[in-house]
Every structure is written in C-alpha cells, then in structure tokens.
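Worksheet for the structure shown next.
A, B, ... follow the sequence lines: proteins, then strands. Residue 1 opens every chain. Quick caveat: nothing in here was measured; it's all calculated off a predicted structure.
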Amino acid sequence: MKIATFNINGIRSRLPRLLEWLAESQPDIVCLQELKALDESFPEGAIRDAGYGPVWQGQKAWNGVAILARGTDPIVSRRALPGDDADSHSRYIEAAVDGRLVACLYAPNGNPQPGPKFDYKNAWMERLIAHAQALLDSKTPVILAGDYNVVPTDGIEDIYDPKSWKKDALLQPAPREAYARLLKQGWTDSIHEKHPGKPVYTFWDYMRNRWPRDAGLRIDHLLLSPSLAKDLVDAGVDKDVRGREGASDHAPAWVVVK
DNA sequence: ATGCCTGTCTGGGACAGA
C-alpha cells in the first residue's frame with residue numbers, strides 16, 4: 001500500500017503532470033494540496049479515467065485539498081479542521097479508505113511574520129494538534145499527510161542552508177515547536193524515519209535558481225499513527241518530478257506500508 | 001529592503017505562495 005502527498009500548485013494547469021506521475025508511480029492513495037480551483041472546476045472525469053476515486057474540497061483561486069484512491073471511492077469523514085467555524089480556507093479533508101483514515105492537510109504558510117497570517121498559522125497548528133490527538137484516541141490506523149509548511153530543523157536533512165530563511169515563517173520556533181509536539185503524541189515522521197540525516201527535500205522555490213542548485217526544503221510530511229507505523233516498509237520523494245517541464249514547486253512524497 | 005518565478009483572477013497588475 002503506497003500513500004503519497006503532492007502539493008500540485010494548481011490542479012488545472014498541472015493536470016497533465018499529475019496524470020503522468022499517477023501512471024508512473026501508481027500510488028494507492030494520494031493527498032493533493034493547492035488545487036487552486038472551485039469545486040466545480042475539479043477535473044473529476046480525468047481523475048476517474050486514470051483509475052482513481054476522488055473526494056475534494058475546493059476554493060476559488062487558493063488552497064484546496066483532495067484525496068484520491070485507486071479503484072475505490074474514499075468515504076469523507078471531514079471537510080474542515082475542527083476548532084474554528086469562522087475559518088473558510090479549504091485546507092483539510094479526511095476520508096476512510098480500506099479501513100484506514102487518511103487526513104490530507106495544507107497548513108498555512110504564515111508569511112510575513114510576525115503578523116495576522118503568522119498568528120493564523122500558529123492557531124491552525126494548535127487545532128491540528130488537538131484533532132490529531134482525537135484521531136490517535138480513536139485507535140484507528142491513521143495517516144496525516146500533506147504540506148505542513150514547517151521545516152522541522154536546521155539540519156541538512158530538512159534544509160540546504162537556513163541562512164536566507166531565518167526570518168521565514170517556516171523556520172520559526174513556534175511552528176517548529178508545534179510540529180515537534182505533534183510528533184510527540186506518538187506519530188512517526190516516515191520520511192525522517194527512513195532517511196535520517198539525508199537531504200530529502202520536497203520543495204524547491206521557483207525563484208533564485210533553487211532547483212538547479214538543489215536548494216530545497218523538507219515541508220511535506222507523512223505522519224503515521226502507531227498501528228500504521230509498525231507496518232512501515234519504505235518512504236521517499238519522487239524528486240525527478242520537480243525537474244520536469246511545467247512542474248509544481250513541490251515534489252511528491254510517499255510511504256509504503258504493509 | 002526588494003525582486004527573483006509561477007498560478008489565479010482577469011483581461012494588467014495585484015496577490016499569494018514559501
């Protein structure tokens with residue numbers, strides 16, 4: 001069972017790249033972020049033709065998340081992260097697939113910091129932590145996958161060089177502490193688990209020649225609940241996808257469980 | 001301190017991303 005997460009940065013403009021990667025990588029479950037499309041603009045037909053049952057939560061111009069399951073339709077359990085009914089961003093969708101619960105998340109970027117966007121990022125992480133604990137308490141096998149917009153540490157496994165990112169929201173103590181606290185609940189960061197100390201970046205900025213220089217960040221994470229983590233087989237990043245014509249600024253990250 | 005690059009909503013330039 002291969003489960004992937006991919007911030008596609010616009011599903012309409014990225015559709016050919018997405019379909020190409022689905023055919024090559026053959027993931028069983030896919031979490032997508034940054035659809036940048038209204039619900040009615042989601043390319044359901046093309047996704048179904050590729051063999052996947054989709055569920056999605058769209059939004060005009062920004063955000064938007066989806067879960068795809070090969071050969072089956074995910075059963076949606078949530079379309080928003082609990083804890084703030086006034087939050088209108090489409091950043092969370094959760095569904096049951098073959099006895100597992102799949103949570104697809106797109107955490108706020110939080111720049112510029114300090115400021116209201118950074119406050120929103122931190123509050124969103126607290127809501128995620130609260131809901132993640134409830135998911136653990138349910139004893140269901142759960143995967144929390146998506147774009148966390150957090151570089152966990154300054155280590156080479158998480159960032160090429162923190163120097164020019166020191167003031168960025170993705171590296172600040174508060175979101176890092178929140179991510180660490182999330183892990184401490186009992187989640188396994190599967191990419192980190194399988195590649196300790198090795199660069200396993202998932203994002204390379206379009207600007208400043210960062211892809212050719214391999215100046216990447218690790219911000220897309222796949223967290224496994226204890227009952228899934230014991231079945232962890234492998235994890236990785238389809239890095240070559242980032243180097244293609246018309247690529248997203250993120251590469252797909254994936255995990256294989258028994 | 002800002003732009004760099006890209007997608008979206010628009011139909012030219014602003015906003016958001018990270």
Side-chain angles (χ1 to χ4, degrees), chain A residues 5-19 21 31-43 46 56-66 87-92 104-122 124-125 128 146-155 157-176 178-179 191 199-221 237 239 241-253:
Chain A
T5 183
F6 187 11
N7 180 323
I8 50 172
N9 188 16
I11 194 166
R12 287 167 293 166
S13 62
R14 204 74 60 213
L15 188 59
R17 289 281 89 100
L18 173 62
L19 296 175
W21 168 73
C31 295
L32 298 176
Q33 301 86 31
E34 279 207 83
L35 304 180
K36 292 186 170 181
L38 289 163
D39 280 338
E40 54 265 39
S41 303
F42 185 89
W56 65 94
Q57 186 69 28
Q59 182 178 339
K60 187 178 181 180
W62 299 308
N63 308 319
V65 284
D87 184 358
S88 60
H89 293 199
S90 295
R91 295 184 176 277
Y92 187 88
C104 171
L105 63 99
Y106 174 47
N109 170 292
N111 281 304
Q113 72 81 28
K117 291 187 177 182
F118 189 62
D119 296 340
Y120 172 63
K121 177 190 187 78
N122 290 325
W124 201 93
M125 290 301 286
L128 178 62
D147 179 355
Y148 284 72
N149 270 317
V150 175
V151 176
T153 74
D154 280 351
E157 65 269 38
D158 293 336
I159 185 168
Y160 65 102
D161 181 353
K163 188 169 66 233
S164 60
W165 296 85
K166 278 293 184 191
K167 292 182 179 174
D168 194 280
L170 280 56
L171 278 71
Q172 296 312 301
R176 280 182 164 174
Y179 185 71
I191 300 271
V200 271
Y201 308 139
T202 65
F203 165 83
W204 295 259
D205 203 309
Y206 288 126
M207 297 184 281
R208 297 183 171 181
N209 229 26
R210 283 193 162 123
W211 165 250
R213 293 191 292 126
D214 195 19
L217 315 180
R218 189 173 79 94
I219 57 177
D220 300 272
H221 308 303
V237 177
K239 187 176 175 181
V241 170
R242 177 62 181 82
R244 295 179 186 177
E245 186 83 20
S248 169
D249 42 6
H250 294 248

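For Lys60(A), counting side-chain heavy atoms from C-beta on, the closest listed nucleotide (dT8(B), dC9(B), dG17(B)) is dC9(B). Minimum atom distance to the side chain of Ala61(A) is reached by dC9(B), of the listed dA16(B), dG17(B), dC9(B).
Atoms CD1 (Ile8(A)) and P (dT6(B)) sit 17 Å apart, rounded to a whole Å. Straight-line distance from the CZ atom of Phe118(A) to the P atom of dG17(B): 14 Å, rounded to whole Å. Between the C1' atom of dG17(B) and the OH atom of Tyr206(A) lies a distance of 10 Å, rounded to the nearest Å. Distance Arg14(A) CZ to dC5(B) C1': 12 Å, rounded to the nearest Å. Rounded to whole Å, the distance from CE on Met207(A) to P on dG17(B) is 12 Å. If you measure from atom CG of Asp220(A) to atom P of dG17(B), you get 15 Å, rounded to the nearest angstrom. In this structure, Gln59(A) places its CD atom 12 Å from P of dA16(B), rounding to the nearest Å. In this structure, CG of Leu35(A) is placed 17 Å from C1' of dC9(B), rounded to the nearest angstrom.
Both Ala247(A) and Phe203(A) lie close to DNA chain B; mapped to their nearest nucleotides by heavy-atom distance, the more 5′-ward contact belongs to Ala247(A). Nearest-nucleotide assignment on DNA chain B puts the 5′-proximal partner with Asn9(A), out of Asn9(A) and Pro112(A).
Note: Trp211(A) and Trp204(A) have perpendicular aromatic rings, judged against thresholds of 30 and 60 degrees for the angle between ring planes. Note: His250(A) and Phe203(A) have tilted aromatic rings, judged against thresholds of 30 and 60 degrees for the angle between ring planes. Trp56(A) and Phe42(A) have parallel rings, their planes meeting at less than 30° on a 0 to 90° scale where 60° marks the start of perpendicular.
Counting non-hydrogen atoms under 4.0 angstrom, Asp147(A) reaches the backbone sugars and phosphates but no base. Using a 4.0 Å heavy-atom criterion, one finds that Asn7(A) contacts the sugar-phosphate atoms exclusively. Contact annotation for Asn111(A): base contact, defined as any heavy-atom pair under 4.0 Å involving a base atom. Residue Tyr148(A) is out of contact with every strand shown, counting any heavy-atom pair closer than 4.0 Å. Within the 4.0 angstrom heavy-atom criterion, only backbone atoms of the sugar-phosphate kind lie near Lys117(A); the bases stay farther away. At a threshold of 4.0 angstrom between heavy atoms, the contacts of His89(A) with the nucleic acid are absent.
Taking atom P in both dA1(B) and dG13(B), one finds a spacing of 27 Å when rounded to whole Å. Separation of the P atoms belonging to dT2(B) and dG11(B) is 27 Å when rounded to the nearest angstrom.
Under 4.0 angstrom from either OP1 or OP2 of dT8(B) there lies at least one side-chain N or O belonging to Ser13(A). Within the structure, a side-chain polar atom (N or O) of Arg91(A) is placed less than 4.0 Å from OP1 or OP2 of dG17(B). At the phosphate of dC9(B), OP1 or OP2 sits under 4.0 Å from a side-chain N or O atom of Arg12(A).
Side chain to side chain, Tyr106(A) and Trp62(A) fail the donor-acceptor criterion of an N or O pair below 3.5 Å. Under the 3.5 Å distance criterion, with hydrogens and angles disregarded, a donor-acceptor pair is assigned to the side chains of Asn9(A) and Lys36(A).
Between Phe6(A) and Leu32(A), some side-chain heavy-atom pair lies under the 4.5 Å cut-off.
dC15(B) is paired with dG7(B) under the criterion used here, namely a Watson-Crick or G-U wobble arrangement in which both key atom distances are under 3.5 Å.
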